[in-house]
Structure formats: C-alpha cells, structure tokens
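Being a predicted model, the structure only gives us computed values, none of them experimental.
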Amino acid sequence: MVARIVVVLACMVVMLRLSEAAVYKVGDSAGWTTIANVDYKLWASTKTFHIGDTILFQYNPQFHNVMRVTHAMYRSCNNSNPISTFTTGNDSVTLTNHGHHFFFCGVPGHCQAGQKLDLNVIHDSSKPLSDPPISSDSSSPSSSPSTTTIPAAGVPGPSPSHAASLPHVASAVVAALVSCLFVNFAY
C-alpha cells in the first residue's frame, strides 16, 4: 500500500512539472519569415519564457533557417560561426537555462530585415538554483534533429507577459490519481 502511495505522489509531481512547460510558435500564425513583417522583438515581449518551455520555429527551409548565436553575433547579424544551425523548417528548441537566447535567420539580409529573436527565460524563484552553467560559446551544433535543448547566452534581464501551458490537463490527471488513491484507502 505504501508503494502505491509513493507511485501516485511521484506521478503527481511529474504531472505538475509538465504542466508548467509551454510551447511557443515563434511569430504565432505567421511563423519564422520575412514576408509577414513580424516584429519578433514585440512578439517575444508579450511572452514569459521559463526553463522547460519549447520554442517552435516553423518556416520554409528553402528560404530560411535558424541560427542560435551569441549576443555580439546577434547585434551585428554575424552568421560566420553560429552556436547551432537548424534547417528542417520545423525546429523545436527546449529552453534549459534562464537568461537571454539569441536566434536569427542566417540567409543574407534576413537578420538585417528583422528576422531575429532575443528571448529571455526568467529565473523562477520558486525553483532551486540548480541550472547548469550558462555559456554563450558552447553547444553542440545541430542541423538535422528537429528537437534540441540549449543553454542560454548568459545575458540577464526580465521579460513580461503570459504563457500558454497545459494546467487543465495536468489538474485532471492529478485529480484522477488522487481519487484512485482514496478509493484504494477505502478497501
């Protein structure tokens, strides 16, 4: 009986942690493009990014790509030595550290035209300070996988707004698990 209680409680903790993560499609319905005149700075300012969130870049890979870069490279649109390059057209990046993350399209002229993204992952003070070291110069390059986890670029700063997450689903699962626990106690 004790083992069942431990399993149920562990499941509850996992579900609550999963409910905190959000998935953001960069540029919302327009996606990652230069055609729709998306203001990616404005887009990012309307979101609150957390560790564990996923950023989804959807674009036509014949015309665009995504490069993760340092802050200096971001400022100058220098695509000569990116930290990572993504080219599938449907690239998911899971944020693993707080701080700023810098991305742009490496196609000539696109970054200068505004196809660049600086998003800031806030530090959640309710979680322990156990993040891995932040680095702006190291990450394993990736061009074929569509899902990657990356550290932040090491530039702190706040980012306001709201995130879309899965709290209703997690709450329903937790409620079902708790009810199962109480049913087991009745017998």
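Side chains of T87 and P61 form no contact here, defined as non-hydrogen atoms less than 4.5 Å apart. By the 4.5 Å heavy-atom criterion applied to side chains, T48 and H50 are counted as neighbours. Counting heavy atoms from C-beta outward, L117 and W43 have side chains that approach closer than 4.5 Å. Side-chain contact check for I83 versus V69: every heavy-atom pair is 4.5 Å or farther apart. Here the side chains of I51 and L95 are not in contact, with every heavy-atom distance at 4.5 Å or above. Residues M73 and N79 fail the side-chain proximity criterion, which asks for heavy atoms closer than 4.5 Å. In this structure the side chain of T54 never reaches within 4.5 angstrom of the side chain of V93, judged on heavy atoms. Residues L56 and D91 are not in side-chain contact: their nearest non-hydrogen atoms beyond the backbone lie 4.5 Å or more apart.
Rounded to the nearest 0.5 Å, atoms CZ (F63) and OG1 (T34) are 10.0 Å apart. To the nearest 0.5 Å, atoms CG (N60) and CG (N65) are separated by 11.5 Å. Rounded to the nearest 0.5 angstrom, K25 NZ and W32 CH2 are separated by 13.5 Å.
Between T88 and Y59, the closest heavy-atom pair is N-OH, 3.3 Å. When all heavy atoms of F103 and F57 are compared, the closest pair comes out as CG-CZ, 3.7 Å. Here the shortest heavy-atom pairing between G106 and M67 reads CA-SD, 3.8 Å.
Partners of A36 by side chain to side chain contact (heavy atoms under 4.5 Å, CB included), not counting sequence neighbours, listed by chain and number: A30, T33, V38. With sequence neighbours left out, F104 forms a ring-ring contact (aromatic ring centres under 6.0 Å, His included) with no residue at all. Applying the side chain to side chain donor-acceptor pair (under 3.5 Å) rule to S80 yields the partners N78; only residues at least two apart in sequence or on another chain are considered.
Sequence neighbours left out, the pairs with a member in residues 27-39 that pass salt bridge (Lys or Arg N to Asp or Glu O under 4.0 Å) are D28-K47. Residues in residues 43-85 take part in these disulfide (SG to SG under 2.5 Å) pairs, two or more places apart or across chains: C77-C111. Every pair passing side-chain hydrogen bond (donor to acceptor under 3.5 Å, both in side chains) that includes a residue from residues 104-119 is listed here, sequence neighbours excluded: H64-H110, H64-Q115, H100-D118, H110-Q115.
Using a 30° and 60° split on the angle between ring planes, Y24 and F49 fall in the perpendicular class, above 60°.
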